[in-house]
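Both ligands and their constituent atoms are indexed starting at 1 by order of listing.
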Amino acid sequence: MATPPDGRRLDPPSSFVEQANVTDESIYEEFERNWPDCWERAAELLEWEEEYEEVLDGSDAPFYEWFRDGKLNASYNCVDRHVEAGRKNHAAIRWEGKLGETHTTTYQDLYRRVNELAATLRELGVDRDDVVTIYLPMIPELPIAMLACARIGAPHSVVFAGFSADALATRMKSADSEYLITCDGYYRRGDAFNQKSKVDNALLDLDASVTTVVVNRLGEALDCVLGDRQYDYRKLIRSQAGATVEPVTRDAEDMLFIMYTSGTTGQPKGVTHSTGGYLAYAAWTTQAVLDVKPEDTYWCSADIGWITGHSYIVYGPLALGTTSVMYEGTPDYPDRSRLWEIVERNAVDVFYTAPTAIRAFMKWGQEYPDQHDLSSLRLLGTVGEPINPRAWKWYYDHIGDEECPIVDTWWQTETGGMMVTTLPGVGTMKPGTAGPPLPGISANVVDTDGNEAEPGESGYLTVDKPWPGMLRTLYRNDERYRSEYWEPFSDPASDEWVYFSGDGARIDDDGYITVLGRVDDVLNVSGHRLGTMEIESAIVGVEGVAEAAVVGGQRGDGETAVYAYVSTEHGYEGDEELRERIVAGVEDTIGPIARPEQVVFTPELPKTRSGKIMRRLLEDIANEEELGDTSALRNPEVVGEIEAVDRER
Ligand code: WT7
């Protein structure tokens with residue numbers, strides 16, 4: 001067998017294997033032989049009001065339908081059935097607040113709160129299929145709001161709380177969303193941030209009249225001015241005390257939610273997920289990959305504002321009836337032991353985080369985890385970007401004490417759930433390599449023509465069979481769904497559809513896939529997905545800017561950051577004042593996560609003869625790499641000029 005890049009491979013400890021949810025490697029073969037019916041295994045984790053007629057309907061591919069004609073409700077599956085099964089006093093959510101507060105929501109509490117909010121939303125006029133936007137930080141009202149929407153059949157669109165007013169308005173407009181659940185403000189580190197003023201700015205931008213519910217996070221009582229159609233969450237709920245709402249029967253294919261994500265154009269994409277297939281897939285992967293049991297305390301440290309939190313803080317864990325930890329804060333506030341203190345105090349069994357966090361822990365040193373008893377941990381996971389073997393090993397040694405398998409899970413907003421990873425009770429781990437595709441998942445690495453790449457060669461990561469958790473379309477944009485994901489690698493003559501992930505990858509002789517990163521104009525900054533075009537259009541919106549190109553730059557510490565190359569309009573100087581206005585422009589249009597760390601002013605941007613900006617070349621300049629072929633440039637002389645100013649930064 002081939003050895004991993006650093007020569008190490010590890011098998012899961014037998015103590016883990018003995019208790020794992022999946023231990024038999026024949027599952028791979030079984031799923032292949034029995035595809036697509038193998039996915040009934042996922043559907044069986046849910047309670048259906050009516051059985052589905054067909055596992056997969058591919059008659060209108062690539063618009064696939066899973067569990068056709070099946071009926072269910074996601075909120076019923078995540079809440080009611082656990083109460084009915086006698087687990088009403090079991091903790092559903094253990095919330096850890098930023099200021100050190102803690103709060104446990106049992107399944108019974110969750111039932112009551114979801115019902116009261118569902119009744120409230122109904123009262124406000126929310127009907128099935130109305131899109132409700134949720135713009136909340138990591139407080140219990142966020143999953144409660146998602147489940148309340150699911151209960152009444154209203155798709156939710158959660159917008160990350162750190163996004164700007166503009167970004168919120170764009171997403172609400174695109175979804176024609178007339179309902180918004182938000183809050184007065186929230187804490188970041190020790191400081192209070194005003195969320196409501198961002199909301200009011202966003203609402204000024206919208207033509208439609210929006211009904212807004214405002215949760216109180218900051219003070220004893222809600223302390224902000226409520227305008228027309230704006231309501232105090234607590235008051236509304238109080239008038240629905242004890243109300244119950246029958247879960248609305250949803251078709252398996254009915255939309256559960258929209259999640260906006262960045263693509264290669266300036267417009268974010270509304271990825272839509274279904275009720276049956278998505279929920280089944282989230283539950284199945286939580287069980288098979290994260291090895292979650294109902295009696296576990298499980299913690300995913302992501303934000304629910306992204307897909308990771310949707311699938312692996314809310315829907316997957318709650319569908320399985322486990323205890324999901326929800327943390328409002330950052331890893332280093334009030335100190336660098338914060339996460340380990342939470343693991344110890346809650347006796348967390350399974351911990352799922354991102355490589356960027358692991359690299360930060362590594363930088364801070366092992367003294368912080370060493371101060372805490374982490375022996376409750378059984379399994380560790382990572383997601384969001386490639387993890388290098390050194391960080392992997394550090395996580396394995398210092399957090400897992402060499403006793404916990406690590407699952408390096410590759411997936412995307414679009415895939416709904418994990419796609420490529422080892423099964424922790426089955427597979428050998430190779431640090432730095434995500435692993436083989438999950439059972440039933442037909443992921444491949446192919447060359448530009450779509451032929452399978454040789455082991456060791458880089459290619460494109462594709463998936464040539466559908467799966468239950470896949471996106472169903474882009475909201476109101478079937479055409480873009482088809483052209484971005486399916487057309488690049490499908491052969492129009494045959495009826496075989498191949499999904500393109502946008503990632504580059506390499507496969508080894510054992511079929512293990514190493515994900516290399518995006519091959520399109522999408523950046524991965526600290527595990528957050530950002531579109532270069534979105535940031536560029538924000539920069540070009542700043543007075544005095546003529547053109548902008550954004551690339552991912554490698555910082556000295558190995559992290560990727562946003563670097564912007566900007567040319568100014570005649571009469572404007574590329575000075576400190578303009579630099580500040582550019583940074584502010586990006587923060588206002590998108591949010592602080594997209595803040596350019598470097599702004600390099602240049603007389604011109606490198607362009608091809610057809611006028612396309614050559615971002616790749618700028619990326620090479622930013623990262624001081626050997627420059628690729630510049631012969632296709634219309635203006636090759638600018639390269640030297642950019643290199644000269646770049647050296648000064
Ligand atoms: C992109 C998707 C899905 C949850 C988080 C982000 C990168 C994700 C891995 C991994 C290497 C990874 C890919 C992918 N990515 N997981 N284990 N190894 N890269 O979701 O915002 O939709 O971003 O994250 O580049 O395309 P997202």
Side-chain angles (χ1 to χ4, degrees), residues 158-160 162-163 258-264 268-273 278 281-282 285-286 289-290 300-316 352-359 380-389 391-392 395 406-422 429-438 441 443 445 458 460-463 467 469-471 474 484-485 499-507 512-532 534 552 560 593-594:
V158 177
V159 176
F160 174 59
F163 272 133
I258 308 177
M259 168 108 259
Y260 282 91
T261 191
S262 297
T264 51
K269 309 190 270 195
V271 169
T272 71
H273 280 291
Y278 168 82
Y281 197 69
T285 46
T286 305
V289 180
L290 295 172
C300 165
S301 73
D303 193 294
I304 296 174
W306 312 109
I307 192 72
T308 310
H310 276 52
S311 301
Y312 299 113
I313 298 177
V314 183
Y315 285 113
Y352 190 34
T353 194
T356 176
I358 298 167
R359 290 192 299 266
L380 301 173
T382 95
V383 59
E385 51 182 323
I387 178 164
N388 57 305
W392 194 104
Y395 195 31
I406 294 179
V407 284
D408 173 359
T409 61
W410 175 85
W411 59 293
Q412 311 178 290
T413 302
E414 291 86 346
T415 68
M418 300 156 178
M419 301 290 280
V420 176
T421 168
T422 51
M429 296 168 274
K430 299 185 190 184
T433 299
L438 279 174
I441 298 298
V445 179
S458 332
Y460 302 96
L461 184 52
T462 57
V463 188
W467 63 99
M470 63 188 288
L471 78 167
L474 293 177
E484 287 203 7
Y485 299 108
Y499 169 85
F500 176 44
S501 66
D503 277 318
R506 209 166 43 214
I507 193 158
Y512 277 47
I513 293 173
T514 301
V515 179
L516 302 168
R518 306 287 310 192
V519 293
D520 52 10
D521 293 323
V522 170
L523 299 182
N524 192 328
V525 175
S526 306
H528 293 144
R529 182 161 152 183
L530 302 169
T532 47
E534 273 172 79
T560 303
I593 51 167

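Aromatic ring pairs are classed by plane angle as parallel below 30°, tilted from 30° to 60° and perpendicular above 60°; the pair Y315 and Y278 is perpendicular.
At the top of the distance list for atom 23 (O) of ligand 1, counting protein heavy atoms only, stands R529 CD, 3.6 Å. Of all protein heavy atoms, the one lying nearest to atom 25 (O) of ligand 1 is D503 OD1, 2.7 Å. The nearest protein atom to atom 16 (N) of ligand 1, hydrogens excluded, is given as G384 N, 3.1 Å; this is a heavy-atom distance. At the top of the distance list for atom 2 (C) of ligand 1, counting protein heavy atoms only, stands W411 O, 3.7 Å.
Near T308, meaning under 4.0 Å from any of its heavy atoms, are these atoms of ligand 1: 4 (C), 5 (C). Less than 4.0 angstrom separates some heavy atom of V383 from each of these atoms of ligand 1: 4 (C), 5 (C), 16 (N). Near T409, the atoms of ligand 1 lying under 4.0 angstrom from a non-hydrogen atom of the residue are 9 (C), 10 (C), 16 (N), 17 (N). Atom numbering of ligand 1 starts at 1 in the shown order; those under 4.0 Å from a heavy atom of V515 are 11 (C), 19 (N). Near P386, with a cut-off below 4.0 Å to any heavy atom, the atoms of ligand 1 are 11 (C), 18 (N), 19 (N).
At a heavy-atom distance under 4.0 Å, only backbone atoms of E385 (N, CA, C or O) approach ligand 1. By the criterion of a heavy-atom distance under 4.0 Å, neither the backbone nor the side chain of A434 is placed next to ligand 1. Here T413 has heavy atoms under 4.0 Å from ligand 1 in both its backbone and its side chain. Only side-chain heavy atoms of N524 come within less than 4.0 Å of ligand 1; its backbone N, CA, C and O stay farther off.
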**Report entry** Verdict with reasoning, Y352 to T409, per side-chain hydrogen bond (donor to acceptor under 3.5 Å, both in side chains)
**Finding:** CA-CA 10 Å; Y352 190 34; T409 61; 2.6 Å; yes

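Judged by distance alone, the side chain of D408 and the main-chain N or O of G432 form no donor-acceptor pair under 3.5 Å. In this structure, the side chain of T433 does not engage the main chain of G435 through any donor-acceptor pair within 3.5 Å.
Heavy atoms only, all atoms of each residue included: R359 and P386 are closest at NH1-O, 4.0 Å. Taking each heavy atom of I258 and G270 in turn, the nearest pair found is CG2-CA, 3.7 Å. Listed here is the closest heavy atom pair of A505 and I513: CB-CG2, 3.9 Å. Shown here for E385 and P355, the closest heavy-atom pair between the two residues is O-CG, 3.2 Å.
For an aromatic pair to be called close, the ring centres must be under 6.0 Å apart, and W410 with Y512 fails this. Proximity of the aromatic rings of Y281 and W411 is defined here by a centroid distance below 6.0 angstrom, and this criterion is not met.
Residue Q412 places at least one N or O, backbone or side chain, under 3.5 Å from an N or O of ligand 1. On a distance-only criterion, T382 and ligand 1 share no N/O pair closer than 3.5 Å.
Not a single heavy atom of G502 lies less than 4.0 angstrom from ligand 1.
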